[in-house]
Each structure stands twice: as C-alpha cells, then as structure tokens.
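One structure is given below, encoded as structure tokens.
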Number of protein chains: 2
Amino acid sequence: MSKKPATVQDVAQLAGVSAMTVSRVLNAPGKVAPETLERVRHAVDALGYVPNAMASGLRMARARMVAALLPTLVGPVFQELVESLAESLKRSGYQLMIGQAGYDATREEEELIRALIQRRPDGIVLVGKVSSAGARSALLASRIPVVETWDFTDDPVDMLVGFSHVAIGESVADFLHARGHRHVAIITGDDARARARAEAFIRRSNALGALSARCFYTRAPSTLGAGRKGLAALLQDAADISGVFCSSDSLALGALIEAQHQGLQVPKQLAIVGMGDQSFAQDAQPALTTVRLDGTRIGEIAAELTMARAEGRPVDSPIVDVGFHLVVRDST
Amino acid sequence: MSKKPATVQDVAQLAGVSAMTVSRVLNAPGKVAPETLERVRHAVDALGYVPNAMASGLRMARARMVAALLPTLVGPVFQELVESLAESLKRSGYQLMIGQAGYDATREEEELIRALIQRRPDGIVLVGKVSSAGARSALLASRIPVVETWDFTDDPVDMLVGFSHVAIGESVADFLHARGHRHVAIITGDDARARARAEAFIRRSNALGALSARCFYTRAPSTLGAGRKGLAALLQDAADISGVFCSSDSLALGALIEAQHQGLQVPKQLAIVGMGDQSFAQDAQPALTTVRLDGTRIGEIAAELTMARAEGRPVDSPIVDVGFHLVVRDST
DNA sequence: TTGTATGCGTTATCAC
DNA sequence: GTGATAACGCATACAA
C-alpha cells in the first residue's frame, strides 16, 4: 500500500493511457472510447483513486463549495435552514462547509470570515448579518457572492433573504391586544435581532393602548431555564401580566413550566406565545402558539441566489422577504 | 477594483519584491528585514490580499483543515462536542469543516465521505461509527487519520473516543432497581447505538429480577412529542410501570409532560431518567435525573488524536473511553 | 479518440 | 536577506 494517495498519473500509468484520458473518464465519459473507459475505471477502483479537490479547484478557480457561517449549532432553530441549504446545494454538485461563530462575537467574526475566504468558496451564506466593518470589507474585496439570512437589514453586503423582526414584534403585539390582553410582556434574548423584535413589540403594544408592556432581557443562549427565570421575575414585578411573548420556543416552554409551577392556568390566566415553531411547540401541554419561520424556504432561496451569482446567472431579486406567520394553538 | 482576487504576485509587484518574499512575510516574518516586512504588509492591506488555501494546501499537501461528519445538527446533543472540537483545532491553526449526514443513511454516508476525502483534510472526525463497507474502505485507502466518536465499537476504522452504550443501559437498570423499581421501561430511538443501550437495559433489569421490563422504540428524531407518545403507549399497556429510562432528555421531558398530563406524580408514582444532561434537564419541573456525557472532553481528545496523527506524532492510546455518569435530580 | 504542453497560486530548495 | 526555479494535481487548449 502506497504512502501517498493515488493521482491521475498513477491511474493513467496503470491503465496504459495518458493523464488527460483519465480526467476525461471522470468528467466527460462520453468523449472516451467504451473499452478505454472500462480500463480506466478499473484502474481507478484498483487504486482507490479519489480526485484531489484542491488541485481541481485551483485549476478551475472554483471550489464547488459554499461556506455557511452559523452563530451557533444549538437547538433546532437553524436546522431546517442548514439542511435545506445543504440539500439544495448538493443537488447541484456543491458541497456545504459549515463554520461556527459565537453570537455577536465581532472579533471572531472577522477572523472566521477571513478563514472562509481563504478556501475560495463559490459563495458564503451567513446566518445573521455581518456586524464588523472589517468582515464586511473583506467580503466585498473577495468578490465572493454573499447571502445574509434570518435578518432583514437595510444595508446587506450583497444579497439577503430573511424576514422582518420588527414586523414579528408588531404582529404578536396586535394578536395579544386583539385577544384582550392589556398587561403584556416579552421575554427575549439580547442580541440585535431580538432587541429589534422586543422594541417593536413594546412600541406597538403601547401604541395600541396597553396598560403595561414590560420587557425582560435574558442573555444567550435562550434556554428553558432562562424562560422560567424570566417569567418568575416578571410576575414578581407585576402579577397582573396576562400575555407574554417569548422570543424563542425554548423560552416559551420554560415560561409555561414556570407558570404551571406557580399554579397559573395557561391560557386562562396567562397566554404564552413562542417563536420558531420547533417540533416541541406542538407537543407541549398546552400546545404552544408560536411564530413560524420557514427555514426550509430560506435555505432553498439562499442556495439558489448563491449558485446563480456564482455561475454568472442573473439574479432578479437579490433581496427576499419570506415573511412569517402566527400558528395559534392552545397556549393563548 | 480588479475582477480576480489578488495573488502573491500582485502583492510582490506592488511592494517591489519577489513572490517568495511575500510568502515569507506571511509565514516566517522573522526571516525578513524589518523595512521589507513593512512594505510588503502595506501592499497586502492595500490589495486586500487573502492567501488561496487551495494553492497552499496543494503545495504543502496539507489542508490545515479537519472534517467532521455529524448525523444531525438538531438539538444540543452534539453541540458541546463540535464546539470543543472546533475550539481545540482552531487553537492549533486548523479549521473545522462540518458535513451532515442522516442517521443510518448508509447510501449517503459513502457519498459524503468520498466528498470529504476529495478535500484532503488532515483528519476526519465522525460522530458515530462508520456503517457502510464502502465508506470504510474509502477511508482506509485515503490514509487520512480518522476518529470515530460517541460510540464504542470493537472494530474502529482507526481511532476511537467514546463511551459504552451498553454500560449506560446497565447502569441505569442498576440505579432503578436499587431505588426499588420492579416494573421498568425504556423509551428509545431505533438507531444502532440506542438499540444497544436498550437491550442492555432490558437484559440487566431482567437479570436483577425485574417483574417487567418493557421497551418502546421511537423513530428518529427523538422529540418531546415522541416521548409523550411513548409513555402514553407504555402506560396503556401496563399501568404499573414505576420507572422509565428515556434515551434522550427530549424524550424524558416529553414523558414528564405526558405523566403530569395524566395526573401522575413524578417521581412519587413514576421515576424518569433522561440522557445527555442538556441544559433544560436541570430546569424541568421536577429537574431531570439524567446520564451526563462529557461532549467537551470527547471533542478535545478527538482533536488531539487527529492532530497528533496528522503531524506524525505518536499516539499512545488510539482508543479512549471517556465514560459517563449519572446525575441524580428530582425526577427519580 | 487520445496525447502534449501549459498554468492555476503557493512554497521548498538552493543559489546569490 | 532575497530571488529564481520547480513542483504540488488537475483540466483547458490545441495538436495529432
């Protein structure tokens, strides 16, 4: 067994042809005589030859790979998005390479993005928007297609597919108000997206004439425990809260558990709204009303935008709002 | 603004030096005269030069990258592992590239592994063991260091760091028996690892003299809803069950919710044990007794093993059992 | 249908 | 301390 992996040369030698023919067998089998084809394929198997993507990528100036940057791998929040992204890309012969950054870790962000650019991916998909100026300029200079997702900003680096966090905050405020809740609250993470939602929720609630609209910020990650603590703190402060919006289903489940622990009837005494429509939302007791975000669609569109730009096809609409909708269940 | 990204040549030209000197400035700044250093660095910034990792990897025959293959991104189950793996690798200048396979999707597995091998990573870390023969032989032929994790098999492809699922099943059986439970059950996923645990649990329970030891298999993914359904089915079948082992915390939380929904007191009438010690386990009401697995440690060791082998350092122990321990809380 | 020559961007080697 | 040269593995252009 050889020390180094086999190359086209090795295969060519064994099959008694030139390297060029081997390359053709792999990339354009139609242009090779049937018997040559067979002989070469046999040699490929015999040597366990696997093409070197670095060499091929260098030659073709295309890595056939798209890089994605996630703020976290925790929770099923981004699972749909990543899975559909991976699936869509694979169908077109691209691989997905995932990098992980921390939420709001500006320093790491730039470093990580530079590392991705080094690999010369055909596109970069970001969950969340680019926060640091350094990362932004590095991305622009790289001329690699970039899709920011999950957020809807005014000034995308390149392309964008997401939904409006402000609209979500307003929608939920409208919903709770329509259900007659006049003392409302929100339990939310403290990253930029979550803040935008929370502020919109409070603003709209007040505009609608709420008697109180409180906000409880919890630090990342948004866990069940944070939801419990958040609701406990809110109730201690104001026992008259009758509707609470939690900016993730995990927080909502925590709030639900805390409410039940304190003997509150959900939804009779307290209505709870989550966000994300994760699988457990429908299985909670009572089932959680929540904001559904179509991660699968975001992933598909992000893949399409990326590949279109990478292949020089025109992109009709580089900014896509996929929206959201409220799934009303038994917790409200 | 140029169409193509800048190369060492461009930088060299601008700085009035040779390409070689630019390369040295980036990789061995100590060997360059201070003023040259400054001039070159200035040129690098001016052009926004980012080295091409494909070219460098090709030349050096090292990608400075480790690939990881995960069965799923869902849930925090593997989060610790991946995060610590990424962190450990980054500290040593390696990047982590993540690929995602489905549970038990043998066909996909081989395809995905071949795709990874094409990139010539310095190591491959697998969560779970290699199931298909094709993938196995491709890995062996590639001569890339491989670490299988999360599982403890007899015949690793190369290196292995994990824990014994059989030992876990037995431990939990012992624990429930010691607490006086004679009618026990397990709610579990149906992948190979989960089956091994479940069978061990049943076998040991019977050996200890349990009056009944039932098993409910649920298909992946292991959700809260699956836990609810599982417990409901078990209780309908046998209302005398007093202790149940759930092979993930999500299942356990579902079982807990279902039990409470049916008016059962936990732990008085039903004891519940989870697995994974995910963050919500301690925040459930009552807090969940669970099996804690040290994902962080597994990630660190996997990184160390991979890098050692990649750099030609000796590996004293290619097979590591990191064990587990039972965290006893209020649900038992 | 198949082969030869060349270059992608980088770095090791050796000479200056 | 710096530069010229060659080579990593593959695929394009062109020739046979």
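Note on naming: letters A, B, ... go to the chains in the order of the sequence lines (proteins, then strands), and numbering restarts at 1 for each one.
A/Glu304 has a carboxylate O that lies under 4.0 Å from a charged side-chain N of A/Arg313, or vice versa, which qualifies the two as a salt bridge. Ion pairing of B/Arg309 with B/Asp158 is present here, as a side-chain N (NZ or NE/NH1/NH2) and a carboxylate O approach within less than 4.0 Å.
Atom CE in A/Met60 sits roughly 20 Å away from atom P in D/dC8 (whole-Å rounding). Separating the NZ atom of B/Lys31 from the P atom of C/dC16 is a distance of 19 Å, rounded to the nearest angstrom. Taking atom CZ on B/Arg62 and atom C1' on C/dG9, their separation rounds to 19 Å, with Å as the unit. The separation between A/Leu26 atom CG and D/dT12 atom C1' is 16 Å, rounded to whole Å. If you take CZ of A/Arg120 and C1' of C/dT10, they are 11 Å apart, rounded to a whole angstrom. We find that CG of A/Leu58 is positioned 12 Å from P of D/dC10, with the value rounded to whole Å. Across the protein-nucleic acid pair, B/Met54 atom CE and C/dT11 atom P stand 14 Å apart, rounded to whole Å. One interatomic measurement links the two molecules: CG of B/Asn27 to P of C/dG9, which rounds to 17 Å at whole-angstrom precision.
The shortest distance between side-chain heavy atoms of B/Arg91 and B/Glu87 falls below 4.5 Å. For the pair A/Pro29/A/Arg41, a side-chain contact is recorded, criterion being any heavy-atom separation below 4.5 Å from C-beta on.
Remark: A/Asn52 is not in phosphate contact with D/dC8, judged by side-chain N or O atoms under 4.0 Å from OP1 or OP2. Considering only side-chain N and O atoms, B/Thr36 lies under 4.0 angstrom from the phosphate OP1 or OP2 of D/dT2. Proximity of A/Thr7 to the phosphate of D/dG9: no side-chain N or O atom is located under 4.0 Å from OP1 or OP2.
When heavy atoms are screened at a 4.0 angstrom cut-off, A/Ala33 is found touching the sugar-phosphate backbone but no base atom. Using a 4.0 Å heavy-atom distance criterion, B/Met20 is classed as a base contact.
Here the side chain of A/Ser56 is nearest to one of D/dA11, C/dT2, C/dT11, namely D/dA11. Taking every side-chain heavy atom of B/Gln9 into account, C/dT10 is the closest of C/dT10, D/dG9, C/dA12. Among the nucleotides D/dC10, D/dG3, D/dT2, the one closest to the side chain of A/Val8 is D/dC10. Side-chain proximity of A/Thr21 to D/dG9, D/dC10, C/dG3: nearest is C/dG3.
Residues B/Leu37 and B/Arg59 both approach DNA chain D. Their nearest nucleotides, taken by heavy-atom distance, put B/Leu37 toward the 5′ side. Both B/Arg24 and B/Ala55 lie close to DNA chain C; mapped to their nearest nucleotides by heavy-atom distance, the more 5′-ward contact belongs to B/Ala55.
Under the 3.5 Å distance criterion, with hydrogens and angles disregarded, a donor-acceptor pair is assigned to the side chains of A/Ser131 and A/Glu109.
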